[in-house]
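Accompanying notes for the structure given below.
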There are 2 protein chains.
Amino acid sequence: MQQDRHADNQPTHAESGKKGHCHPEAGCFRLVPIFSSLSEEEMQFLATGAQTRQFSKGEVVFQAGQDPGLLFVVARGLVKVTRISASGREQVVRLLGPGDFYGELSLFLPQALAATGVALQDARVCLLARSHVRELLHRSPEASLKMLSALALRIMELETLAEQLAVHPVENRVAALLLKLAAARGDVAAPVPQGTVVELPLTQEEIAKLLGTSQETLSRKLHSLEDAGLIRLQGRRCVRLLDVNRLADRAEGL
Amino acid sequence: MQQDRHADNQPTHAESGKKGHCHPEAGCFRLVPIFSSLSEEEMQFLATGAQTRQFSKGEVVFQAGQDPGLLFVVARGLVKVTRISASGREQVVRLLGPGDFYGELSLFLPQALAATGVALQDARVCLLARSHVRELLHRSPEASLKMLSALALRIMELETLAEQLAVHPVENRVAALLLKLAAARGDVAAPVPQGTVVELPLTQEEIAKLLGTSQETLSRKLHSLEDAGLIRLQGRRCVRLLDVNRLADRAEGL
DNA sequence: GCGAGTTTATGACGGGGGTCATAGTTTAGG
DNA sequence: CCTAAACTATGACCCCCGTCATAAACTCGC
């Protein structure tokens with residue numbers, strides 16, 4: 001089964017013979033915000049308990065119910081974090097892009113992972129040993145504060161998500177997501193230029209689960225936004241934002 | 001206006017002449033899990049920038065959009081954390097009981113508070129100076145780790161909330177909430193005895209906002225749970241749990 | 001204990017959106 | 001290419017639940 005692929009955690013072949021511009025072991029989390037302030041020595045220490053793994057699209061990165069004792073840091077690619085309810089329905093609670101991580105709860109508390117991670121694109125993931133990260137957080141107050149910032153930010157995002165799910169109709173959430181994707185494209189806090197083309201990184205099915213809706217509804221809403229002249233669908237998975245202001249109106253928050 | 005009441009933060013009268021078993025200043029956050037591991041000296045330091053405030057029912061504890069530079073730690077009572085959308089609708093994103101806190105984002109990032117806090121019961125709240133808390137997290141790795149644990153836990157809870165809002169119908173969420181309240185009553189991880197009586201700490205209106213629904217629907221769902229024999233409503237705001245197992249079935253998670 | 005205000009209960013109604021079914025479209029593999 | 005599989009689009013149906021309206025029950029302050 002796929003899920004024991006990271007149970008036997010011997011240094012994988014992934015770290016040898018990389019063609020990339022990223023060192024197989026130590027290099028990846030260097031890019032990650034939380035660890036960017038570490039000293040060379042600390043980096044080195046972290047690298048000791050780290051490995052880099054490649055996951056191809058569709059592959060399971062981590063599995064709910066397990067406790068692998070690792071922090072998963074996405075270095076490249078995209079990983080969806082989903083919860084599957086007893087009734088079999090799936091809800092994406094989070095998307096991990098480069099720099100994002102998962103597994104913080106089981107870092108600090110003796111808990112199994114509550115969600116499953118699946119690569120949506122080919123991804124490179126740093127697996128950091130829990131014990132090393134803990135040790136590092138002990139040593140480096142800066143790292144702790146960075147980590148705390150990251151978690152606090154996620155709390156706010158999740159509160160926003162909860163608010164949106166409870167209060168706003170699907171169409172607004174679609175608008176909000178498009179703006180968010182556009183904002184992620186342009187640089188931080190840029191005003192989101194009119195006519196930006198956003199590339200949807202996922203299938204409608206996946207996006208729907210992220211927004212807490214169904215593929216059919218998402219398709220309809222995208223088209224109704226197009227009919228309203230706010231966006232223009234071009235090709236399979238590209239959207240041009242025609243009227244950013246009115247989009248923002250619908251989104252109202254997030 | 002109420003919201004400047006913590007703008008002028010001179011030591012309030014609340015801290016003099018307390019009758020309680022909690023010292024006016026330093027005593028309160030001693031009970032709080034995040035700070036329980038601090039040394040006497042560190043406690044003392046924290047107390048320097050701290051004050052204790054009493055809030056009576058309905059009073060605003062903190063206000064969205066402000067940045068008071070404080071961490072709010074609830075020592076006693078209950079505070080609801082709500083977001084009010086542009087359309088005027090309100091969503092409770094969190095309940096703060098004793099030991100819970102709010103304001104962590106503005107602790108780490110230069111952000112105003114995203115939500116408003118209102119006391120649902122008379123409450124005692126410790127106001128800790130942001131700078132002192134930061135300093136403390138620098139000094140004490142243990143405190144940092146505790147804080148990280150607390151935030152990580154909240155992330156999981158919020159992910160669960162989001163999942164519930166997106167996937168589960170109201171009746172299930174009601175069931176989940178009742179079980180959660182019952183679990184909070186009995187001691188940690190106790191099996192929740194059959195026939196437990198849960199006291200609802202809020203009006204249906206407030207609970208509804210917490211569950212992302214309306215008062216009317218909540219009322220109906222409570223009664224349908226009663227008809228199904230899972231609970232028994234007794235009096236205005238007490239519920240007896242008759243069939244914990246079937247309740248848990250509906251809750252399925254959280 | 002009596003009216004005013006709050007909280008809860010209940011019916012009627014309608015819309016948003018989930019599900020099912022199905023058809024059209026891309027993509028990918030042989 | 002050409003078929004199979006995956007993805008997207010669209011219609012039909014219907015149910016959950018939000019809203020409005022209103023009544024009942026409870027709570028308080030005089």
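In what follows, chains carry the letters A, B, and so on, assigned in the order in which the sequence lines appear, proteins first and then strands, with residues in each chain numbered from 1.
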- When the distance from NZ of B:K221 to C1' of D:dC17 is rounded to whole Å, what number comes out? 7 Å

Contacts under 3.5 Å, N or O only, protein and nucleotides 18-20 of chain C:
| unit_1 | atom_1 | unit_2 | atom_2 | d |
| --- | --- | --- | --- | --- |
| C:dG18 | OP2 | A:T213 | OG1 | 2.5 |
| C:dG18 | OP2 | A:S214 | N | 3.2 |
| C:dG18 | OP2 | A:S214 | OG | 3.3 |
| C:dG18 | OP2 | A:T217 | OG1 | 3.0 |
| C:dT19 | OP1 | A:R89 | NH1 | 3.1 |
| C:dT19 | O4 | A:R220 | NH2 | 3.1 |
| C:dC20 | N4 | A:E216 | OE2 | 3.4 |

- Task: Whole angstrom is fine here: how far is it from CZ in B:R237 over to P in D:dC26?
- Result: 13 Å

- Query: Under the ring-ring contact (aromatic ring centres under 6.0 Å, His included) criterion, do B:F62 and B:F72 qualify, and how do the steps go?
  - Reply: CA-CA 8 Å; B:F62 50 85; B:F72 299 85; 4.9 Å; yes

- Message: Between P on D:dC17 and CG on B:L211, what's the gap in Å once rounded to a whole number?
- Response: 11 Å

- Task: Ignoring hydrogens and angles, state whether a donor on the side chain of B:S224 or B:E171 is under 3.5 Å from an acceptor on the partner side chain.
- Result: yes

- Message: Looking at A:F101, I'd like to know if the NZ or CZ of A:R154 sits under 6.0 Å from its six-membered ring centre while staying within 45 degrees of the ring's axis.
- Response: yes

- Task: Please test A:V118 against A:V79 for side chain to side chain contact (heavy atoms under 4.5 Å, CB included), starting from the C-alpha separation and ending with a verdict.
- Result: CA-CA 5 Å; A:V118 176; A:V79 173; 5.8 Å; no

- Judged by nearest nucleotide, the residue sitting upstream toward the 5' end of DNA chain D, A:L222 or A:A166, is A:L222

- Tell me: CD of B:E205 to P of D:dT19, nearest whole Å? 10 Å

- Query: What is the distance from CD of A:E206 to P of D:dA6, rounded to the nearest Å?
  - Reply: 13 Å

- Message: If I take atom CZ in residue A:R250 and atom P in nucleotide C:dG16, what distance separates them, rounded to the nearest angstrom?
- Response: 12 Å

- Please test A:E159 against B:R94 for salt bridge (charged side-chain N to carboxylate O under 4.0 Å, His left out), starting from the C-alpha separation and ending with a verdict. CA-CA 9 Å; A:E159 284 179 352; B:R94 192 140 194 276; 5.5 Å; no

- Message: Just N and O in the side chain of A:Q204: are any of them under 4.0 Å from OP1 or OP2 of D:dA9?
- Response: yes

- Is it true that the side chains of B:T160 and B:E157 contain a donor and an acceptor less than 3.5 Å apart? no

- Task: Mark yes or no for whether A:R124, through its side chain, and A:V74, through its backbone, hold a donor-acceptor pair below 3.5 Å.
- Result: no

- Position toward the 5' end of DNA chain C (nearest nucleotide), A:E171 or B:S219: B:S219

- Message: Just the rounded figure in Å: distance from P of D:dC17 to NE2 of A:H168.
- Response: 19 Å

- Query: Within this structure, what is the NE2-to-P distance between A:H223 and C:dG24, rounded to whole angstrom?
  - Reply: 15 Å

